[in-house]
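Following: one structure in structure tokens, then a few remarks.
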Amino acid sequence: AMMSAIVVFFNMISYMMTPFQPGTALVIITGIAFGPEAGFLTGALARLILNVFMQQGPWTPWQMFAMGCIGGLAGSLFSRRGRRPRKGMLCLFGFLAAVVLYGAVMNTASVLLWSHSLQWELIAAACAAGLPMDLLHGGSTALLLYLLADPVQGKLDRMREKYGWGRG
């Protein structure tokens, strides 16, 4: 709940710069620190709460699913290794997760929500039209992971050890 609130806070502050979503990096870091379940729940809950404050619509479950998958995947890939992932690998994961996973889910959702027929050409066109924003989202996620991963993971690791929270 605490990490979801932090994600919502930072996303609300930066909502004017649409592709700059610091919450994606924080969801990834949470998944790494506390495991895949906590990563999924943090991402999904943060998107739900953010959409209640900002703009809620039929795209909300799609955003919850995409952000939850990013947190869960980060926890599955990186939390069980016993040591922190290398920064380069983490930044690459953050970039690809924002562009490929979140971008593809949301671009496909826009076609499914606003079109009467499912056509692969429409999905490809939506993905191509959304690619510049997805690249900015991925770049900002990679940059924030490069800058924040070590300090924030250190704080979360210390909290996990102090309070005995497991890694899913």
Side-chain angles (χ1 to χ4, degrees), residues 1-51 62-109 127-128 130-168:
M2 173 197 63
M3 289 306 296
S4 293
I6 292 170
V7 169
V8 169
F9 173 76
F10 281 111
N11 273 349
M12 286 182 73
I13 287 175
S14 65
Y15 83 96
M16 296 298 278
M17 300 175 283
T18 304
F20 187 77
Q21 297 181 16
T24 307
L26 292 172
V27 166
I28 291 170
I29 293 170
T30 302
I32 293 169
F34 298 126
E37 293 89 356
F40 185 88
L41 288 173
T42 299
L45 182 63
R47 287 314 296 187
L48 175 65
I49 294 169
L50 186 65
N51 283 349
W62 294 90
Q63 288 179 328
M64 291 172 60
F65 174 74
M67 198 59 68
C69 285
I70 289 174
L73 189 59
S76 295
L77 292 176
F78 298 117
S79 72
R80 298 191 194 277
R81 294 192 175 178
R83 59 183 170 89
R84 291 184 189 169
R86 292 180 294 154
K87 267 192 180 182
M89 185 63 72
L90 187 60
C91 293
L92 178 65
F93 170 79
F95 180 82
L96 291 176
V99 172
V100 176
L101 202 148
Y102 191 83
V105 167
M106 292 312 299
N107 293 327
T108 302
C127 288
L131 187 61
M133 295 299 275
D134 294 337
L135 290 174
L136 288 171
H137 181 198
S140 66
T141 300
L143 176 67
L144 286 171
L145 283 171
Y146 182 79
L147 296 174
L148 297 178
D150 288 337
V152 175
Q153 279 183 340
K155 302 286 187 228
L156 294 178
D157 288 344
R158 190 171 49 168
M159 285 175 39
R160 188 186 69 244
E161 291 171 11
K162 181 176 181 181
Y163 296 111
W165 297 338
R167 284 190 184 218

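Here the structure is a predicted model, which means the values were calculated and not measured.
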### Message
Ignoring hydrogens, what is the shortest heavy-atom contact between Val27 and Met67? Give both atom names and the distance.
### Response
CG1-O, 3.8 Å
### Query
Does Asn11 use its side chain to pair, donor to acceptor, with the backbone of Gly23 at less than 3.5 Å?
yes
### Query
Just wondering, do Phe95 and Leu135 contact through their side chains at under 4.5 Å, heavy atoms?
yes
### Query
Hey, are the side chains of Gln21 and Phe10 touching, using non-hydrogen atoms and a 4.5 Å cut-off?
no
### Query
Hey, is CZ on Phe65 packed in by over 12 heavy atoms from elsewhere, all under 6.0 Å?
no
### Task
Write down the atom of Ser14, the atom of Pro22, and the distance for their closest heavy-atom approach.
OG-CD, 3.1 Å
### Message
Restricting to salt bridge (Lys or Arg N to Asp or Glu O under 4.0 Å), what partner residues turn up for Lys87, sequence neighbours left out?
### Response
Asp150
### Query
So, for Asp134 and Val99, which heavy atoms are closest and what is the spacing to 0.1 Å?
O-CG2, 3.2 Å
### Task
Please check if the side chain of Thr108 supplies one atom and the backbone of Val105 the other of a donor-acceptor pair under 3.5 Å.
no
### Minimum-distance pair of heavy atoms, taken over all atoms of Cys69 and Leu101
CB-CD2, 3.9 Å
### Message
Would you compute the distance between atom NZ of Lys162 and atom CG of Asp157 and round it to the nearest 0.5 angstrom?
### Response
14.5 Å
### Task
First locate atom CG of Leu26, then atom OG1 of Thr42, and finally report the distance between them rounded to the nearest 0.5 Å.
10.0 Å
### Query
Quick one: CD on Gln153 to OG1 on Thr30, what's the gap to the nearest 0.5 Å?
9.5 Å
### Query
Nearest 0.5 Å, what's the CG-SG distance between Leu96 and Cys91?
11.0 Å
### Any Met106 side-chain heavy atom under 4.5 Å of Met133 side chain
no
### Task
Would you sort out whether Leu156 and Met3 count as a side-chain contact (heavy atoms from CB on, under 4.5 Å), showing the intermediate values?
CA-CA 10 Å; Leu156 294 178; Met3 289 306 296; 3.8 Å; yes
### Atom pair CG/CZ of Leu90 and Phe78 - distance to nearest 0.5 Å
6.0 Å
### Query
Which heavy atom of Ala98 sits nearest a heavy atom of Thr141, and at what distance?
CB-OG1, 4.0 Å
#### Entry: From Ile70 atom CD1 to Phe93 atom CZ, the distance as rounded to the nearest 0.5 Å
7.0 Å
